[in-house]
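In what follows, a structure is listed as structure tokens, so that the remarks can point back to it.
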Protein chains: 2
Amino acid sequence: MSNIREHILQTTCNLMEKQGYHGTGLNEIVKESGAPKGSLYHYFPEGKEQITAEAVWQSGRMTAKRIQNGVSGGSNAAKAIHDFILNIADHVETSGFAAGSPLTAVAMETATKSERINLACREAYTLLETAFKEKLLESGFTKTKAEELGTFITATVEGGIILSRTYHSGNPLRTVAKHLKVLLSQ
Amino acid sequence: MSNIREHILQTTCNLMEKQGYHGTGLNEIVKESGAPKGSLYHYFPEGKEQITAEAVWQSGRMTAKRIQNGVSGGSNAAKAIHDFILNIADHVETSGFAAGSPLTAVAMETATKSERINLACREAYTLLETAFKEKLLESGFTKTKAEELGTFITATVEGGIILSRTYHSGNPLRTVAKHLKVLLSQ
DNA sequence: GTCTATAATACGATAGAC
DNA sequence: GTCTATCGTATTATAGAC
């Protein structure tokens with residue numbers, strides 16, 4: 001796959017995790033990525049919607065992988081999930097308060113405005129929920145419980161990201177990590 | 001206080017809980033509110049930032065009040081918070097998947113772009129966290145625990161709103177409500 | 001206080017040369 | 001594949017009449 005194409009997608013992720021969908025312009029993506037300006041519509045003939053949908057989807061796949069690889073042994077979901085969230089907390093602070101993924105902002109902005117992007121966001125969230133669920137299954141949770149907790153954990157992390165970005169501090173995410181660990185260790 | 005002014009703020013809340021900050025234009029606010037077009041900059045001389053900051057702040061105050069009044073007796077925080085979230089779940093579905101408040105979307109979009117709106121979002125979230133905390137204190141939680149859980153609950157609700165909007169279903173919020181109740185009943 | 005008209009700018013998208 | 005130039009349409013904000 002083209003290098004430039006990948007780089008445009010990565011830049012889109014980086015910008016949208018700070019500014020969201022409407023707050024990020026195509027001119028900004030071109031400029032920031034350093035990609036040849038004429039090539040944007042060559043690689044993404046369907047424009048901004050296509051770029052965003054692909055960026056969201058790719059970001060979801062990468063985040064899910066990070067959850068899966070959290071603890072290789074897989075015997076302790078509580079610790080794996082705890083560490084995963086602490087990593088996001090650090091990232092928020094070291095990146096100038098980026099969200100770690102474009103998903104949170106883009107999902108909110110486009111939920112009722114673009115069917116295509118909304119579909120990509122659903123798929124991305126389902127990947128995250130499933131990754132958490134698998135971790136919990138490995139640790140001995142029942143199927144129903146693992147499924148519901150997968151949703152619960154995803155919601156809590158997303159909300160923690162919003163609070164940490166708003167307060168310009170990783171602490172809300174750290175509080176979330178701490179209490180999720182207690183909940184999952186019981 | 002002016003009736004028109006209040007109506008402009010209310011309309012801004014309604015639009016931004018669906019479309020966010022950048023997705024909502026001033027023209028749209030004027031048109032939707034039916035307010036006299038010439039009066040927008042009369043009541044809000046500092047423009048969109050001022051309108052948004054005030055809308056966010058007002059919305060935070062109203063939501064905090066709804067949490068406080070959830071259960072008048074105040075003896076059962078778990079049930080009060082559970083019911084509060086179920087109400088949001090219903091609202092998301094009956095409103096065509098609005099967020100219940102402009103806070104979630106606006107906070108994400110403006111966290112690093114507008115200091116003024118960011119400050120309003122912080123104050124609004126602090127109001128929510130405090131409202132949850134007070135409910136927990138009334139139910140006998142220790143001060144430290146009530147404080148941390150106030151943050152945890154706020155994060156979980158905000159994340160639940162994102163998931164429910166994305167999936168076009170109140171069910172993620174209902175899952176959140178269920179497991180929060182279990183957590184708080186122990 | 002409210003109106004219309006418009007300034008000034010940014011946006012997404014496209015055309016056509018090379 | 002990549003370029004520049006530009007179209008058409010949004011946006012926020014302001015000016016000036018009434």
Side-chain angles (χ1 to χ4, degrees), chain A residues 1-56 102 105-106 108-110 112-118 120, chain B residues 1-56 102 105-106 108-110 112-118 120:
Chain A
M1 185 165 293
S2 161
N3 209 344
I4 292 176
R5 201 188 136 91
E6 283 305 304
H7 195 233
I8 289 175
L9 283 179
Q10 190 54 54
T11 305
T12 304
C13 285
N14 294 340
L15 290 173
M16 288 196 179
E17 65 174 295
K18 277 195 167 185
Q19 312 175 335
Y21 176 72
H22 291 104
T24 304
L26 292 184
N27 290 335
E28 200 179 0
I29 293 174
V30 169
K31 185 182 172 188
E32 178 79 13
S33 71
K37 182 167 183 174
S39 62
L40 202 148
Y41 278 93
H42 172 70
Y43 290 111
F44 304 94
E46 287 143 274
K48 193 179 185 182
E49 267 203 319
Q50 183 186 6
I51 298 180
T52 308
E54 290 197 33
V56 160
V106 173
M108 271 303 287
E109 289 180 76
T110 61
T112 56
K113 284 206 130 186
S114 160
E115 203 168 328
R116 178 173 191 169
I117 301 175
N118 175 244
Chain B
M1 185 169 292
S2 161
N3 209 343
I4 291 177
R5 200 188 138 91
E6 282 305 303
H7 195 233
I8 289 175
L9 284 179
Q10 189 54 54
T11 304
T12 304
C13 284
N14 293 341
L15 289 173
M16 288 197 178
E17 66 175 296
K18 275 195 168 184
Q19 311 175 334
Y21 176 72
H22 291 104
T24 303
L26 293 184
N27 291 335
E28 201 179 358
I29 293 174
V30 169
K31 185 181 170 189
E32 179 79 13
S33 71
K37 183 167 184 176
S39 61
L40 202 149
Y41 279 93
H42 172 71
Y43 290 111
F44 303 94
E46 287 143 274
K48 192 180 185 181
E49 267 202 320
Q50 182 185 7
I51 297 180
T52 308
E54 290 196 32
V56 160
V106 172
M108 272 302 288
E109 289 180 76
T110 61
T112 57
K113 286 206 127 187
S114 161
E115 202 168 329
R116 178 174 191 168
I117 300 175
N118 175 245

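Every value quoted in this text rests on a predicted model; they were computed, and no experiment measured them. Below, chain A is the first sequence line, B the second, and so on; all start at residue 1.
Computed from coordinates, the A/K31 NZ to C/dA10 P distance equals 11 Å when rounded to whole Å. Counting to the nearest Å, the P atom of D/dT12 and the CD1 atom of B/I8 are 14 Å from each other.
Atoms CD1 and CD1, on B/I8 and B/I51 in that order, are 6.5 Å from each other to the nearest 0.5 Å. Between the NE2 atom of B/H22 and the CE atom of B/M16 there is a distance of 9.5 Å, given to the nearest 0.5 Å. Rounding to the nearest 0.5 angstrom, the gap separating the CZ atom in B/F44 from the CD atom in B/E54 is 5.5 Å. Rounding to the nearest 0.5 angstrom, the gap separating the CD1 atom in B/I29 from the CD atom in B/Q10 is 12.0 Å. Rounded to the nearest 0.5 Å, atoms NZ (B/K113) and OG1 (B/T110) are 10.5 Å apart. Atom CD1 of B/I117 and atom CD of B/Q50 lie 11.0 Å apart (nearest 0.5 Å).
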So which protein nitrogen or oxygen atoms get under 3.5 Å of nucleotides 3-5 of chain D's nitrogens or oxygens?
unit_1: D/dC3; atom_1: OP2; unit_2: A/K37; atom_2: N; d: 2.8
unit_1: D/dC3; atom_1: OP2; unit_2: A/G38; atom_2: N; d: 3.3

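Annotation: side-chain hydrogen bond (donor to acceptor under 3.5 Å, both in side chains) contacts involving residues 28-37 of chain A, sequence neighbours excluded, comprise A/Q19-A/E28.
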For this session: Please assess A/T12 against A/T24 for the test side-chain contact (heavy atoms from CB on, under 4.5 Å), listing each intermediate value before the final yes or no.
Result: CA-CA 8 Å; A/T12 304; A/T24 304; 5.7 Å; no
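DNA chain C lies under 4.0 Å from at least one heavy atom of each of the following residues of residues 11-27 of chain A: A/T24, A/G25, A/L26, A/N27. Near-neighbour residues of DNA chain C inside residues 40-52 of chain B, defined by a heavy atom below 4.0 Å, number-ordered: B/H42, B/Y43.
A heavy-atom distance below 4.5 Å is not found between the side chains of A/M108 and B/M108.
With axes fitted over five pairs at each extremity, the angle between the ends of the helix from C/dG1-D/dC18 to C/dC18-D/dG1 is 10° (10° resolution).
Partners of A/E46 according to the salt bridge (Lys or Arg N to Asp or Glu O under 4.0 Å) rule, which considers only residues two or more places apart in sequence or in another chain, are A/R116. Checked against side-chain contact (heavy atoms from CB on, under 4.5 Å), A/S39 has the following partners two or more places apart in sequence or in another chain: A/I4, A/P36, A/Y43. Residues passing the side chain to side chain donor-acceptor pair (under 3.5 Å) test with A/E17, sequence neighbours excluded: none.
Shortest non-hydrogen contact noted between A/A120 and A/A53 is CB-O, 3.6 Å.
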